[in-house]
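Everything below concerns the one structure shown next.
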Amino acid sequence: MRILRKLAAGTSLVLAAILPSITAQSPFSNFTIYPDAADAGTIPKYTPLRPPAIPLAVRSPYTSAWSSTGGLGTLNSQLPIFWYGQRLGWEGIVVVDGNSFEYMGTIINDFPELPYFNTTIPQEVKFDSQYSNFTFSAGPVNITASFFSPVTPKDICRSSIPLSYLTTTVVSNDGQPHHIQFYSDVNAQWIGLGNEFDIIKEFHTGPTNGNGTGNATDTPTSWILRPRYPALFAEAAQIPRWGNFSYTTSSMGATNFTFQSGSATSVRFGFVNNRYLNNDAGSVTRGFGNQEPVYAFAHDMGTMMETSIRYTIGSIQSPSVRYLHKGGLSNLAPWWERCYGEMHDMIRFHWNDFDTVAAIANEFETKLRADVNAFDPSNAYGFLEPINATGIAVPFVSEAESYYAIVALSARQAMGAYVFAVPPSVPNGSSADDVEPLMFQKEISSNGNINTVDVLYPATPFFLYANPALLKYILQPLYELQEGGFYPNTYSTHDIGAHFPLATGHVEGTDEYMPVENSGNSILMSYAYYKFTGDFGWLSNHYALLRQFAQYLIDFSLVPSAQLSTDDFAGELANQTNLAIKGIVGLQAMSAISRIVGNLDDAANFADKATSYYEQWKGFAIDPSGKHTLLAYQWRSSWGLLYNIFYDKLLNMGLIEPEIYEMQSAWYASVSQTYGVPLDSRHHYTKSDWEVWTAATCSQTTRRLFVNAVAYWLNETSTNLPFSDLYEVVGTGDYPLQIDHFSARPVVGGHFALLALLKTGQHANAAAGDTTGSLFTKNGTEPLPNPDTPITPPSYAGPSYKPRAVRKQPPQPNWLQTGHTGHD
């Protein structure tokens, strides 16, 4: 049992007795988890906290590897997992003076007991927004495995690369030099296969295929795997059935650099006994488990005090998306092809780019830490007081420290659900020099839709904080499809395809029915994009479509009929208070959009409707007790998180009165549970993204309650998959029953809501409805004084980009019947 659980279990009397002796502590040091003495030999210290899974290689929906901490698991006691939960083969061994130490994987359990094969002792696990670092002791040395998935949202070319880094470093801990050797392998589960007769493998070094002379140069050397029988744009258990997987290293100054493929037992046992590989890239293996094929590298670094080896890993698809547009159906090239050329050019660039991209990533991390520090830690300690139900849920942990842990863990996950693609070449289209990418999102772990509007909406704060241009790149395919006549309804589409990566739309209009939800979402996201960038041209270009959505809100948002909201797992509900206010705030935003484009008649109409509807909404929405809003009109004593007022505060629209904010802020503390405030009164589960959105609308005290409760859940939960946004706030914080496990979803971008608010100048310590400091005038239309003006992403020198052919004839119905073998 970890120390925070012990503290939380204490009585209020004990807490009261020790609270006066607690002084404010420095941020980023107090949420560290120390194992009990009984577990100290196998369980590391986690900093800043112990999440249910730690990102290893997270760069796209298909490059998404994690280390689960469920069941006290560690990197060297459980295999890495794909976000969906299946295990991936990724092995790591360091040999010290002839003794092998396993730091990643579990093959030691498959071998007979050998005196020269040992496990390592986990010491510490640290993560930030870019790195996950695992440190082990291994006899006379310490081993650190540093997993680096760069989050560089303002560098589009680098963000489009689906590869991640692993650097393994060995440092002597006894003051003596040691003979160091490295071994690492991967299996074919990265492409969902285990039988080599189903796999095409390629051993590639330099500009041509390898010839077995691995010591010739220090150029990158790669194992490339792909299905022998590919199925374009198909998935099996969420893993792509087309494209390539690469595992890359170089000799890196090794005195002997070797490689081998073959059965797992043969290759691994051979290395442990011989401490080198046989440079055989041709052996064919058929089997599974111990007999499955593996693809290995080994480095002999000689005798030294400190040394390291680097690897890169990832799943690579080209083409990456099938896209329906006015020119027909196109198979879109990945954006990295435009930047770097073909696959091997991209792998080589990425390999040599480590120092540069590390510096860029450090800029993001440094700014993130500085911004989080705005949440003053000096008065952010406390506990949930049982008498008046105020305070925060976690004892003695600063809000800044908690919030940093949340957003640092969320950054890679938020970016890891997207791919960047080159737009199709259409007649009279843009020149080659001013092309902008299209972004496509996979709705990971819920239903696999592509560019789901109500998944993008909660993720929006990350983009507004990190690079608002990304929001345009994601919205563009949604708007092109609807403006191109491929969607028959007057409200916003739910998504642009039933399953990623098929962006083939819903020409029949039978997508998931969330008309008020997604019409309001589209307007609010578009207005926010303008306010953070000043991009008048883009907003003006899509005015007609946004106006169409606003007209639907006039007709249907005040008293919404039975329908789904974004929280569709909770089922349909009529007269949803939170859904109605989204539509009303959306009308207020549309009034501002109309003023921006110069349509003053529309502006007046939308403003009148927003004001009138808001006055009526107050009569419908507020419980007779006057203490909170209802979950649904006329449902007495019901309640829920009123997160849809966030945009009113973020953009200082001035529609929602401060009294509403203050009433809700006071109410949430009275219904908070162990791991936060339930989503609504029907259940005892919550959504972490909506909790942080709601926190941004609350007073400082209630905000801290939300933030610290999310961090407390992360540290204590019994879940075992990547950061879930849907979980129980009671018991062990497990997944809700009878709902598919949510994991690795991009909605964690919503955890950046407080940072998006901070970017507008609003004070971190402001009261609930107070927008003091906002750089936006109340209900004004001006963008930020120094907006993130979109710029055309640069292209890097390399082979000239060759656009993929576009089918010019109008699409035929049978084209849209493309089946897929994936699983929702």
Side-chain angles (χ1 to χ4, degrees), residues 28-29 32-51 54-57 67 69 72-80 90-108 114-128 130-149 164-185 249 252-255 271-272 275 297-311 354-355 358 362:
F28 317 127
S29 63
T32 300
I33 306 309
Y34 295 88
D36 286 340
D39 296 323
T42 57
I43 306 301
K45 178 178 68 176
Y46 289 90
T47 305
L49 47 68
R50 181 218 62 102
I54 298 169
L56 302 180
S67 177
T69 65
L72 302 181
T74 59
L75 189 66
N76 68 339
S77 68
Q78 293 184 161
L79 290 174
W90 196 0
E91 179 65 29
I93 297 171
V94 168
V95 182
V96 184
D97 299 330
N99 293 295
S100 295
F101 294 89
E102 185 179 36
Y103 67 88
M104 178 167 59
T106 60
I107 68 170
I108 194 169
L114 301 172
Y116 47 85
F117 192 18
N118 312 277
T119 190
T120 50
I121 300 175
Q123 297 294 314
E124 187 172 36
V125 179
K126 290 184 177 182
F127 68 84
D128 60 20
Q130 313 286 333
Y131 295 88
S132 298
N133 296 332
F134 298 74
T135 300
F136 306 85
S137 63
V141 304
N142 292 331
I143 302 170
T144 298
S146 178
F147 298 86
F148 176 31
S149 296
S164 187
Y165 299 98
L166 162 62
T167 302
T168 302
T169 301
V170 175
V171 179
S172 172
N173 62 28
D174 66 357
Q176 301 297 317
H178 297 279
H179 186 189
I180 305 299
Q181 296 160 290
F182 295 87
Y183 170 91
S184 185
D185 72 44
T249 189
M252 297 197 71
T255 59
F271 175 81
V272 170
R275 297 187 292 281
F297 295 114
H299 297 76
D300 188 333
M301 306 305 292
T303 300
M304 52 187 61
M305 295 287 294
E306 179 177 350
T307 186
S308 64
I309 291 296
R310 185 166 74 243
Y311 309 91
F354 181 85
D355 290 340
N362 184 61

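The chain is numbered in sequence order, starting from 1.
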| task | Could you tell me which non-hydrogen atom of Phe271 sits nearest to which non-hydrogen atom of Phe182, and how far apart they are? | result | CZ-O, 4.0 Å
| query | Would you find a donor on one side and an acceptor on the other, under 3.5 Å apart, between the side chain of Ser132 and the backbone of Pro55? | reply | yes
| note | Interatomic distance, OG1@Thr307 vs CG@Asp300, rounded to 0.5 Å, equals 10.0 Å
| said: Is any side-chain heavy atom of Ile143 closer than 4.5 Å to one of Thr135? | reply: no
| Distance in Å, Glu124 CD paired with Thr144 OG1, rounded so as to fall on 0.5 Å steps | 9.0 Å
| query | Is there a side-chain contact between Pro44 and Gln123, using heavy atoms and a 4.5 Å cut-off? | reply | no
| request: For this output row, return yes or no: ring centroids of Phe134 and Phe147 closer than 6.0 angstrom. | output: yes
| said: As a quick check of understanding, evaluate side chain to side chain contact (heavy atoms under 4.5 Å, CB included) for Leu79 and Trp90, giving each step before the final call. | reply: CA-CA 7 Å; Leu79 290 174; Trp90 196 0; over 6 Å; no
| request: Output, in order, the C-alpha distance, side-chain angles, deciding distance and verdict of side chain to side chain contact (heavy atoms under 4.5 Å, CB included) for Thr169 and Glu306. | output: CA-CA 7 Å; Thr169 301; Glu306 179 177 350; 4.2 Å; yes
| query | How close do Pro51 and Thr69 get, heavy atom to heavy atom, and via which atoms? | reply | O-OG1, 2.6 Å
| field | Pairwise distance NE2(His178) to CG(Asn173) - rounded to 0.5 angstrom | value | 7.0 Å
| task | Could you list the residues that satisfy side-chain hydrogen bond (donor to acceptor under 3.5 Å, both in side chains) with Asp355, not counting sequence neighbours? | result | none
| request: State, to 0.1 Å, how close Ile93 and Glu91 come at their nearest heavy-atom pair, and which atoms those are. | output: CG1-OE2, 3.5 Å
| said: Determine whether Glu102 and Asn118 satisfy the following criterion, side chain to side chain contact (heavy atoms under 4.5 Å, CB included), listing intermediate values before the conclusion. | reply: CA-CA 6 Å; Glu102 185 179 36; Asn118 312 277; over 6 Å; no
| said: Quick check: closest heavy atoms across Thr303 and Pro177, and the distance to 0.1 Å? | reply: CG2-CB, 3.8 Å
| message | Under the side chain to side chain contact (heavy atoms under 4.5 Å, CB included) test against Leu75, which residue among Val125, Leu56, Ile54 passes? | response | Leu56
| Rounded distance (nearest 0.5 Å) linking atom OG1 of Thr255 with atom NE2 of His299 | 10.5 Å
| Going by distance alone, is a donor N or O of one side chain under 3.5 Å from an acceptor N or O of the other, for Ser184 and Tyr311? | no
| query | Do the side chains of Thr106 and Asn76 get nearer than 4.5 Å, heavy atoms only? | reply | no
| Do Asn142 and Ser137 meet the criterion of a side-chain donor-acceptor pair at a distance under 3.5 Å? | no
| Beyond-backbone contact of Thr168 with Tyr103, side-chain heavy atoms, under 4.5 angstrom | yes
| Would you say the side chains of Thr167 and Arg310 form a donor-acceptor pair under 3.5 Å? | no
| If you take all heavy atoms of Gly139 and Phe101, which pair is closest and at what distance? | N-CE2, 3.8 Å
| Taking Val95 as the fixed residue, which of Met301, Gln181, His179 is the one that meets the side chain to side chain contact (heavy atoms under 4.5 Å, CB included) rule? | Gln181
| message | Quick check: Phe354 with Phe148 (ring centres under 6.0 Å apart)? | response | yes
| query | What is the distance from atom CD1 of Ile108 to atom OG1 of Thr119, rounded to the nearest 0.5 Å? | reply | 5.0 Å
| said: Return the CZ to OG distance between Phe127 and Ser67, rounded to the nearest 0.5 Å. | reply: 12.5 Å
| query | Nearest heavy-atom pair of Ser149 and Ser164: which atoms, and what distance? | reply | OG-OG, 2.7 Å
| field | Worked verdict on Val171 versus Val141 for side chain to side chain contact (heavy atoms under 4.5 Å, CB included) | value | CA-CA 5 Å; Val171 179; Val141 304; over 6 Å; no
